[in-house]
K.L.:
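Just passing along the structure, written as structure tokens.
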There are 2 protein chains.
Amino acid sequence: MPGELTAKGRATRSRIVEGAAAVLREKGVGSATLDDVMARTRTSKSQLFHYFPAGKDELLVAVAQFEADRVLEDQQPYLGCLDSWEAWGRWRDVVIERYEAQGEQCPLGSLFLQVGRSTPGMRAIVIELTCRWQESLARGIRALQAGGRLPADLDVDTRAAALLAAIQGGVSILLSTGQSTHLRAALDQGIADLRRAGSGSGSVMA
Amino acid sequence: MPGELTAKGRATRSRIVEGAAAVLREKGVGSATLDDVMARTRTSKSQLFHYFPAGKDELLVAVAQFEADRVLEDQQPYLGCLDSWEAWGRWRDVVIERYEAQGEQCPLGSLFLQVGRSTPGMRAIVIELTCRWQESLARGIRALQAGGRLPADLDVDTRAAALLAAIQGGVSILLSTGQSTHLRAALDQGIADLRRAGSGSGSVMA
DNA sequence: CCAAAAGTGGACTATCCAGTCCACTGTACG
DNA sequence: CGTACAGTGGACTGGATAGTCCACTTTTGG
């Protein structure tokens with residue numbers, strides 16, 4: 001089926017994906033139905049199954065891919081050039097702004113936890129996003145090292161992993177409680193600690 | 001209905017809650033059905049609705065409360081007396097061990113994201129757990145200050161919030177990807193940074 | 001011992017929803 | 001112009017599942 005799409009067909013397909021993404025954000029994975037998607041995208045059941053023959057699961061994966069791509073895109077151009085403390089600060093602002101605006105709706109988090117464990121394709125998307133995100137952070141840290149703003153003997157990967165975890169957790173808490181204090185704390189503290197990291201290569205207890 | 005339970009009734013009720021918790025861990029909120037719970041707990045529909053008149057939602061809230069209580073319990077006695085670096089290290093080990101053993105199954109995370117936003121009671125449970133957890137961490141940090149192991153001019157609450165976010169994120173990533181590297185990084189880095197935190201009260205950019 | 005209430009079993013209903021089917025319409029292209 | 005195929009509409013089916021109902025059993029307490 002794919003690759004054989006007309007301009008009209010492609011338009012409809014992406015209308016479905018974007019509409020489904022919106023529905024999922026609003027209603028959550030558990031409550032969103034194909035009828036919701038149909039209503040939102042002005043399509044019929046046959047179209048849904050025409051473009052996603054494997055049904056709901058296939059659509060969900062497509063939406064997850066769509067959302068995953070947006071996550072990092074939304075952090076650009078800052079995430080792409082974290083080569084000064086000012087850039088880190090601006091990136092921080094963008095992240096907070098994005099997730100505060102998004103509020104309760106979690107495009108991916110719910111998808112992961114709900115469908116992720118069962119579907120193999122979904123997990124791959126999450127893992128790839130995690131890797132790319134962490135790699136971007138690591139590149140930023142290395143850029144700071146290259147600029148002499150951080151010592152060279154830093155455990156970059158652990159730093160990046162910890163920072164990513166902190167952001168993820170902040171977002172989770174924002175989603176669960178509606179408060180962005182933890183996300184702000186995680187980012188501020190994380191960047192501050194990075195800045196302060198002058199000493200050893202991150203050796204830790206036992 | 002509550003408070004009027006005989007010994008037998010109480011036994012059945014808690015059997016239902018514990019069994020439902022197990023089912024939810026194994027199958028996820030989205031896939032778990034009342035029939036699953038019935039099979040697991042050797043009960044009938046009428047009993048489920050006898051003890052949880054409001055149906056599935058009420059049962060889910062009860063399970064969430066049950067699981068939330070366990071989260072902090074499982075970290076005891078270490079979480080309760082984080083007054084030395086050794087205690088922090090042992091606590092770290094317990095947390096990692098617990099979540100690695102738990103693996104993919106997330107007792108609460110899925111509950112939050114799935115039901116949390118809709119049900120008011122669920123959110124309250126999450127918020128309370130978050131507060132208690134963060135407060136425990138904060139108490140630990142203050143204990144270190146009291147023992148002279150940390151400077152007094154530390155922004156304890158921000159520290160605790162950031163650390164909690166890091167753990168949450170590490171767990172999220174563990175659930176999504178199956179890897180505990182981020183959780184380990186978050187804990188190790190978080191404790192290391194705390195240890196290194198000698199300077200100012202955490203003032204951060206912009 | 002005997003009501004009355006708590007506890008239990010399971011058939012039944014109502015509903016919702018993914019997925020199927022087929023008929024209809026628009027459009028590309030000879 | 002007309003055929004073939006992509007695209008579209010929506011009724012229909014099958015199955016799963018939350019929730020109801022009532023009859024039956026056990027326990028409680030006087």
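Only a predicted model underlies this, so the values are computations on that prediction, with no experimental measurement involved.
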K.L.:
How does protein reach along nucleotides 12-30 of chain D, written 5' to 3' as B (base within reach of a heavy atom under 4.0 Å), S (only sugar-phosphate), or - (no contact)?
P.N.:
-----SBBBB----S----
K.L.:
So which pairs with a foot in residues 61-77 of chain A pass salt bridge (Lys or Arg N to Asp or Glu O under 4.0 Å), sequence neighbours left out?
P.N.:
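Matches after skipping sequence neighbours: Arg25(A)-Glu67(A), Glu67(A)-Arg70(A), Asp69(A)-Arg132(A), Asp74(A)-Arg98(A).
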K.L.:
dG19(C) P sits how many Å from Glu58(A) CD, rounded?
P.N.:
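The answer, rounded to whole Å, is 10 Å.
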K.L.:
Verify, without hydrogens or angle tests, whether Arg149(B) (side chain) and Leu144(B) (backbone) share a donor-acceptor contact under 3.5 angstrom.
P.N.:
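Not a single qualifying donor-acceptor pair exists.
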K.L.:
Going by salt bridge (Lys or Arg N to Asp or Glu O under 4.0 Å), name the residues that satisfy it together with Lys45(A), two or more places apart in sequence or in a different chain.
P.N.:
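Listed in chain order: Asp35(A).
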K.L.:
CG of Leu59(A) versus P of dA18(C): gap in Å, rounded?
P.N.:
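About 10 Å, once rounded to whole Å.
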K.L.:
Using whole Å, what does the distance between atom P of nucleotide dG10(D) and atom CE of Met38(A) come to?
P.N.:
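So the CE-P distance, Met38(A) to dG10(D), works out to 8 Å.
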K.L.:
Salt-bridge test for Asp93(A) and Arg90(A): reply yes if a basic N is under 4.0 Å from a carboxylate O, no otherwise.
P.N.:
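The answer is no: the pair does not qualify as a salt bridge.
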K.L.:
Output all residues satisfying side-chain hydrogen bond (donor to acceptor under 3.5 Å, both in side chains) with Ser180(B), sequence neighbours left out; order by chain, then residue number.
P.N.:
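side-chain hydrogen bond (donor to acceptor under 3.5 Å, both in side chains) check on Ser180(B) returns Glu100(B).
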K.L.:
Which ones in residues 9-20 of chain B lie close to DNA chain D, meaning a heavy atom under 4.0 Å from one of its atoms?
P.N.:
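Residues of residues 9-20 of chain B that come under 4.0 Å of DNA chain D do not exist, since none gets that close.
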K.L.:
Closer than 4.0 Å, any side-chain N/O of Gln47(B) to the OP1 or OP2 of dG7(C)?
P.N.:
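No, no such contact exists.
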K.L.:
Please tell me if Tyr51(A) has a side-chain N or O lying less than 4.0 Å from either OP1 or OP2 of dT8(D).
P.N.:
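Tyr51(A) to dT8(D) OP1/OP2: side-chain N or O found under 4.0 Å.
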K.L.:
Rounded off to whole Å, could you give me the CZ-to-P distance for the Phe52(A) and dG19(C) pair?
P.N.:
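From Phe52(A) CZ to dG19(C) P: 13 Å.
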K.L.:
Using a strict threshold of under 4.0 Å (side-chain N to carboxylate O), is an ion pair present between Arg139(A) and Asp83(A)?
P.N.:
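A salt bridge is absent here (no side-chain N lies under 4.0 Å from a carboxylate O).
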K.L.:
Looking only at heavy atoms, which two atoms of Ala197(A) and Leu154(A) are closest? And how far apart?
P.N.:
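Minimum heavy-atom contact is CB-CD1, 3.9 Å.
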K.L.:
Leu48(A) CG to dA18(C) P: how many Å, rounded?
P.N.:
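Taking atom P of dA18(C) as the reference, CG of Leu48(A) is at 9 Å.
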K.L.:
Considering residues at least two apart in sequence or located in another chain, which fulfil the side chain to side chain contact (heavy atoms under 4.5 Å, CB included) criterion with Ser84(B)?
P.N.:
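Glu86(B), Ala87(B).
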K.L.:
Can a salt bridge be assigned to the pair Arg40(B) and Glu18(B) using a cut-off of 4.0 Å between side-chain N and carboxylate O?
P.N.:
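No, no charged N to carboxylate O under 4.0 Å.
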K.L.:
Check the distance between dG9(D)'s P and Arg42(A)'s CZ and give it to me in whole angstrom.
P.N.:
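That distance rounds to 10 Å.
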